Amino acid sequence: MKSEDIFSSPVPVRGIIVIKNLKTGRAYLTAAEDAVKAFRSERFSLDLSMHPSKELQEEYSSLGLELFTIELDTPAGADDDLEAILEKRKAEYEKEGISLYH
């Protein structure tokens, strides 16, 4: 499912959200019960300089919105364990050499 498709979904889409720094390649992954709400919440907290990841917030504040994307990385079913999927995706990103924000 493409990120734009989740906005037209009649039901909340669960899954893993990724915020990517297009300049450095770093990524921030988080689990979401409702991807649309998560997109808005992540963007809101970054815009207000209140994101829980201090590293991500510093780079977002200095580089600007234009160098970041927020996408649905991995959709999940109703019965899927989001935390397990999140840990698996983090491990896969690190194995690919992609640095993660904490």
Side-chain angles (χ1 to χ4, degrees):
M1 174 176 279
K2 295 181 181 178
S3 291
E4 58 270 10
D5 294 340
I6 69 167
F7 288 95
S8 61
S9 175
V11 296
V13 175
R14 298 175 79 233
I16 306 305
I17 302 299
V18 61
I19 301 173
K20 294 180 185 175
N21 180 325
L22 300 175
K23 183 175 181 179
T24 66
R26 289 183 81 186
Y28 176 82
L29 296 164
T30 187
E33 288 292 335
D34 182 333
V36 171
K37 285 183 181 178
F39 282 4
R40 291 179 178 142
S41 176
E42 294 292 333
R43 171 76 190 278
F44 184 76
S45 65
L46 285 165
D47 287 345
L48 292 179
S49 298
M50 297 175 18
H51 198 275
S53 170
K54 299 301 178 201
E55 298 169 310
L56 172 58
Q57 184 64 65
E58 287 174 7
E59 290 185 11
Y60 182 88
S61 295
S62 68
L63 297 174
L65 166 68
E66 298 79 22
L67 291 177
F68 288 84
T69 62
I70 303 176
E71 304 170 350
L72 179 65
D73 179 76
T74 308
D79 296 328
D80 291 338
D81 181 348
L82 285 178
E83 289 306 314
I85 296 170
L86 177 61
E87 292 309 313
K88 179 181 177 187
R89 290 300 293 144
K90 284 181 177 181
E92 290 170 352
Y93 269 71
E94 289 176 338
K95 185 176 182 182
E96 292 174 17
I98 298 170
S99 177
L100 298 177
Y101 293 103
H102 300 284

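All values reported here derive from a predicted model rather than from experimental measurement.
Listed by chain and number, the residues in a side-chain hydrogen bond (donor to acceptor under 3.5 Å, both in side chains) with S41 amount to none (sequence neighbours excluded). Remark: I98 pairs with A27, Y93, E96 by the side-chain contact (heavy atoms from CB on, under 4.5 Å) rule, at least two apart or across chains. T24 meets the side-chain hydrogen bond (donor to acceptor under 3.5 Å, both in side chains) test with N21; sequence neighbours excluded. With sequence neighbours excluded, the residues satisfying side-chain contact (heavy atoms from CB on, under 4.5 Å) with E83 are A31, D81, L86. Taking F68 as the reference, Y60 meet the ring-ring contact (aromatic ring centres under 6.0 Å, His included) condition, with sequence neighbours excluded. Partners of S62 by side-chain contact (heavy atoms from CB on, under 4.5 Å), not counting sequence neighbours: none found. Residues passing the side-chain hydrogen bond (donor to acceptor under 3.5 Å, both in side chains) test with E92 are R89, sequence neighbours excluded.
Judged as a side chain to side chain donor-acceptor pair (under 3.5 Å), the pairs with a partner in residues 27-40 (not counting sequence neighbours) are, in order, R14-E33. Among pairs with a residue in residues 44-61, those fulfilling salt bridge (charged side-chain N to carboxylate O under 4.0 Å, His left out) read R26-E55, R26-E59, R43-D47, at least two apart in sequence or across chains.
S53 places a side-chain N or O within 3.5 Å of a backbone atom of H102 that can act as its donor or acceptor partner. Looking only at distances, no side-chain donor or acceptor of Q57 sits under 3.5 Å from a matching main-chain atom of P52.
Side-chain contact between L56 and I19 is present, with heavy atoms from C-beta onward closer than 4.5 Å. Residues L63 and K23 form a side-chain contact, since some pair of their non-hydrogen atoms from C-beta on lies under 4.5 Å apart.
Hydrophobic clustering, with ILVMFWY side chains joined whenever heavy atoms are under 4.5 angstrom apart, keeps L72 apart from L29. Taking hydrophobic clusters as Ile, Leu, Val, Met, Phe, Trp and Tyr residues chained together by side-chain heavy-atom distances below 4.5 Å, L67 does not share a cluster with V18.
Taking each heavy atom of I16 and L82 in turn, the nearest pair found is CD1-O, 3.7 Å.
Hydrophobic clustering, defined by side-chain heavy atoms of Ile, Leu, Val, Met, Phe, Trp and Tyr closer than 4.5 Å, groups M50 together with F44, L48. In the hydrophobic clustering, L22 connects to no other residue, as no ILVMFWY side-chain heavy atoms lie under 4.5 Å from its own.
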